[in-house]
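Counting starts at 1 for both ligands and their atoms, in listed order. The basis for the numbers below is simple: all heavy atoms, side chains too, and nothing from hydrogens, waters or symmetry mates. When a residue number appears, it is its place in the shown sequence, counting from 1.
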Amino acid sequence: MNEPLNDKGVIHRYRHFLPVSDSTPVISLSEGSTPLIHSPRLSEKAGAEVYLKFEGLNPTGSFKDRGMTVAISKAVEDGAKTVICASTGNTSAAAAAYAARAGIQCAVILPAGKIAIGKLAQAFVYGAKVVAIRGNFDDALRIVREFGGIDGVAIVNSINPHRIEGQKTASFEIIEDLGDAPDIHILPIGNAGNITAYWKGYREFHAAGRSTRLPKMTGFQAAGSAPIFYNQPIEKPDTIATAIRIGNPASWQGANNAVSESGGCIDIVTDEEILAAQAWLAANEGVFVEPASAASVAGLLKCHSNGRCSTCPFASPLRPGAKVVLTVTGHGLKDTETPVKFGGFTPAEADANLAAVRAVLDQS
Ligand code: AN7
């Protein structure tokens, strides 16, 4: 299919590693190719070379675009006229955008009152049908699963394996940028699709001879929404990081496999640690990520400061020059309410003259 504007996205670049053929219509917004940003101040704190994979720079502002280009392309190939998903916000934004691009319908089922306003706006603006249920994400996903098997309808949550396939391309890019896999990979965990996808990507490039090692996969859950850490579903998950407010992850087993096969771990960070890490990263590295994404940074600061992971059973000093990659999964502009509310940010006012403005600046 001749679509010159679609020659940049992850399907185009990694088609030999993806479940597509020449007859698959490529629905793309040129996702992927996000920057791997060296982070000097985090490196100093961790005693390692730390990089941020800034997935907030994807077309809809989160990593979900990587999986969605594959899921929607395959849905269109299979004749779907409607896609449906449950979401804590980012999946619905991506599904709505790629469905719009494909010219098909999108329905999103969200937990009422628990979606960051930027993400809710995206679903509406991209033209999705939006239903807010009186329940949480896990309830929404249960309902979406019941849509399975209806003709012409494709489920585009990460229970759809095409989503995982697309998301694994982030590992490929990291290996290409670093010249090898990192020693440790850290990411936030919600439904656990992403850690499953990264681990698959790292193993595939390793098997293809594109890297010499595999990273330890380290995932962080919010303390109030940590079913994998506590090894039991959480009925009423709670955290200010609404993207990862999930009590019964669909890819639970995938996360466990990634951690046990790679020698990594799953740990928790509190909401206070998440908010502090979000503010610290923005003010010290110039990178503004959403709260869920800051769980990666909070985790690094908690466990890997001074070159040592202090809590995991594999605790050991990092090797000199060790490379640590943190996926920061979504853009800070998705959810401006949370940091503004908790940071108490209100600008000081001044009269409209130089002296008054300088007086205020000198005070702050
Ligand atoms: C910014 O959008 O589950 O562990 O429905 O939006 O692969 O679920 C979002 C998850 C991390 C967790 N960071 O990734 C949804 C949804 C951000 C996210 C996660 C999400 P997974």
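Screening residues 324-351 for salt bridge (Lys or Arg N to Asp or Glu O under 4.0 Å), with sequence neighbours left out, gives no hits.
Note on Ile240 and Phe137: separate hydrophobic clusters, where clusters join Ile, Leu, Val, Met, Phe, Trp and Tyr whose side-chain heavy atoms are under 4.5 Å apart, directly or indirectly.
Using a 4.0 Å cut-off between charged nitrogen and carboxylate oxygen, Glu204 and Lys168 count as a salt-bridge pair. Using a 4.0 Å cut-off between charged side-chain N and carboxylate O, Glu165 and Lys74 make no salt bridge.
Considering all non-hydrogen atoms of both residues, Tyr98 and Ile27 come closest at O-CG2, 3.5 Å.
Ring geometry for Phe205 against Tyr14 counts as perpendicular: the plane angle is over 60°, on a 0 to 90° scale with 30° as the lower cut.
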Protein N/O near ligand 1 N/O, under 3.5 Å, which pairs?
{"unit_1": "ligand 1", "atom_1": "2 (O)", "unit_2": "Ser87", "atom_2": "OG", "d": "3.1"}
{"unit_1": "ligand 1", "atom_1": "2 (O)", "unit_2": "Thr88", "atom_2": "OG1", "d": "3.4"}
{"unit_1": "ligand 1", "atom_1": "2 (O)", "unit_2": "Asn90", "atom_2": "N", "d": "3.1"}
{"unit_1": "ligand 1", "atom_1": "2 (O)", "unit_2": "Thr91", "atom_2": "N", "d": "2.7"}
{"unit_1": "ligand 1", "atom_1": "2 (O)", "unit_2": "Thr91", "atom_2": "OG1", "d": "3.0"}
{"unit_1": "ligand 1", "atom_1": "4 (O)", "unit_2": "Gly190", "atom_2": "N", "d": "2.8"}
{"unit_1": "ligand 1", "atom_1": "4 (O)", "unit_2": "Asn191", "atom_2": "N", "d": "3.3"}
{"unit_1": "ligand 1", "atom_1": "4 (O)", "unit_2": "Ala192", "atom_2": "N", "d": "2.7"}
{"unit_1": "ligand 1", "atom_1": "5 (O)", "unit_2": "Ser87", "atom_2": "OG", "d": "3.0"}
{"unit_1": "ligand 1", "atom_1": "5 (O)", "unit_2": "Thr88", "atom_2": "N", "d": "2.8"}
{"unit_1": "ligand 1", "atom_1": "5 (O)", "unit_2": "Thr88", "atom_2": "OG1", "d": "3.4"}
{"unit_1": "ligand 1", "atom_1": "5 (O)", "unit_2": "Thr91", "atom_2": "OG1", "d": "3.3"}
{"unit_1": "ligand 1", "atom_1": "6 (O)", "unit_2": "Asn90", "atom_2": "ND2", "d": "2.7"}
{"unit_1": "ligand 1", "atom_1": "7 (O)", "unit_2": "Gly193", "atom_2": "N", "d": "3.2"}
{"unit_1": "ligand 1", "atom_1": "7 (O)", "unit_2": "Asn194", "atom_2": "N", "d": "2.8"}
{"unit_1": "ligand 1", "atom_1": "8 (O)", "unit_2": "Asn191", "atom_2": "N", "d": "2.7"}
{"unit_1": "ligand 1", "atom_1": "13 (N)", "unit_2": "Thr329", "atom_2": "OG1", "d": "2.6"}

